[in-house]
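First comes the structure, then the notes that go with it.
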Amino acid sequence: MIALIAQYGVLLVFLNVLVTQLGAPVPAVPTLVVAGALAAGGQVPVVGVLLVTVIACLLSDALWYAAGRRYGAGVMRLLCRISLSPDSCVQRSELQFQRWRGQVLLIAKFVPGLATVAPPLVGAMGLAPSAFVLFDGLGSLLWAVVAIGLGYAFAAQIDDLLAAIANAGTLALEVLLGLLALYVVARWWQRRHLLRTLRMARITVEELERALKSEPAPVVLDVRAEGSRLLDARVLPGALLLDNRGIDRSVHDISFDRELVVYCNCPNEVSAARVAKVLIAQGYRRVRPLLGGLEAWDAAGYPVDRLPSPVGVADDGVARATG
């Protein structure tokens, strides 16, 4: 690595950072740290490395930001499907956005899983282009300074480490590739185990549509986070809106005998199944997630309401959807 960076300099740093920020599973921090160590020895220009790092971040993030502005929630669903932890990748980002708004871009690259999701999220949420460039540029510069600065400060130690890896030859590379493979397998197994633990009977959209015409009709619960509703204002008619952090307050006045149908817009109805498990543990005997969630209901041609913007949630944690 050190030979490649010394030979190709800022070009390799630019390409590495660009593909990483576009979403490729290729780490960029080690390259920046090594570049910092080389800069300490005068082998590469530190200002040049900083500049191309920020430019690469802005280029890749701008593409995701534009996609978020144009396609909104569709881009977020795509990121969820390709993520190793699709059940929580966007939800974590939404919570960070609700707390930080556009300033989430200042910390995004320091939070695992947030760097790729944050630009399309702020685009979908309507962050102004000028604010995006400001916050993303500052966040990228801060990230680059930290990574390159670590290499610059610990140049001697990094040189020794790289020399040891080089002396180990192919064995070191095989160990690194093996660790990466183990990480991917562990995340895949964690995802598979989660889906197994949340396996339960689902209700189809056709069954729910018929049930809503009966008496008493089931209580429909929208368990998406507030950030999801900002991205996608569609909601099933008459659904209760709740955040899964406030389940107790949201259903305290619903009889244990009522049938509950919970839905989300996440892969495999993970959030809905999690809430269903909690409700069953609390004593509700008839709880089922909606198979396919909000997307399946809308795709079947059944009516949907639109929430006002911003979403209004009552002080007690429950609001009812209105057309």
In Å, rounded to the nearest 0.5 Å, how long is the span from [atom1] of [X] to [atom2] of [Y]?
X: L141; Y: K109; atom1: CG; atom2: NZ; result: 11.0 Å
X: I280; Y: F256; atom1: CD1; atom2: CZ; result: 12.5 Å
X: I203; Y: L208; atom1: CD1; atom2: CG; result: 5.0 Å
X: Y65; Y: S60; atom1: OH; atom2: OG; result: 15.0 Å
X: F132; Y: D61; atom1: CZ; atom2: CG; result: 5.0 Å

Are any non-hydrogen side-chain atoms of [X] and [Y] less than 4.5 angstrom apart?
X: V104; Y: L121; answer: no
X: D222; Y: L240; answer: no
X: V287; Y: E259; answer: no
X: L38; Y: V49; answer: no
X: V47; Y: P45; answer: no
X: L294; Y: D232; answer: yes
X: W143; Y: T53; answer: yes
X: V304; Y: V235; answer: no

For the side chain of [X] and the backbone of [Y], is there at least one donor-acceptor N/O pair under 3.5 Å apart?
X: Y284; Y: V278; answer: no
X: S140; Y: G137; answer: no
X: R286; Y: V261; answer: no
X: R288; Y: A273; answer: no
X: Y263; Y: L236; answer: yes
X: W297; Y: P303; answer: yes
X: T204; Y: E207; answer: yes

Between V146 and Y152, is there shared hydrophobic-cluster membership here, with clusters defined by ILVMFWY side-chain heavy atoms closer than 4.5 Å?
no
Do L291 and V275 sit in the same hydrophobic cluster, where Ile, Leu, Val, Met, Phe, Trp and Tyr count as joined when their side-chain heavy atoms come under 4.5 Å apart?
no
Compare every heavy atom of V262 with every heavy atom of A276, then report the nearest pair and how far apart it is.
CB-CG2, 4.1 Å
State, to 0.1 Å, how close P216 and R258 come at their nearest heavy-atom pair, and which atoms those are.
CB-NE, 4.3 Å
Do the charged groups of R234 and D298 touch, with an N to O distance under 4.0 Å?
yes
One thing to verify: whether E209 and K213 come together as a salt bridge, which I'm taking to mean a side-chain N less than 4.0 angstrom from a carboxylate O.
yes
Step by step, work out the side-chain contact (heavy atoms from CB on, under 4.5 Å) result for L142 and F110.
CA-CA 10 Å; L142 179 61; F110 296 95; 3.9 Å; yes
Applying side-chain contact (heavy atoms from CB on, under 4.5 Å), run through I148 and L50 and close with a yes or a no.
CA-CA 8 Å; I148 296 170; L50 280 171; 3.6 Å; yes
For L138, side chain to side chain contact (heavy atoms under 4.5 Å, CB included) partners two or more places apart:
L106, L134
Compile the donor-acceptor pairs under 3.5 Å between side chains in residues 12-28 and protein atoms, sequence neighbours left out, one pair per line.
from: N16; atom 1: OD1; to: T31; atom 2: OG1; distance (Å): 2.4
from: N16; atom 1: ND2; to: T20; atom 2: OG1; distance (Å): 3.3
from: N16; atom 1: ND2; to: P27; atom 2: O; distance (Å): 3.4
from: T20; atom 1: OG1; to: N16; atom 2: O; distance (Å): 2.8
from: T20; atom 1: OG1; to: V26; atom 2: O; distance (Å): 2.4

Using the salt bridge (Lys or Arg N to Asp or Glu O under 4.0 Å) criterion, which residues pair with R70? Sequence neighbours excluded.
none
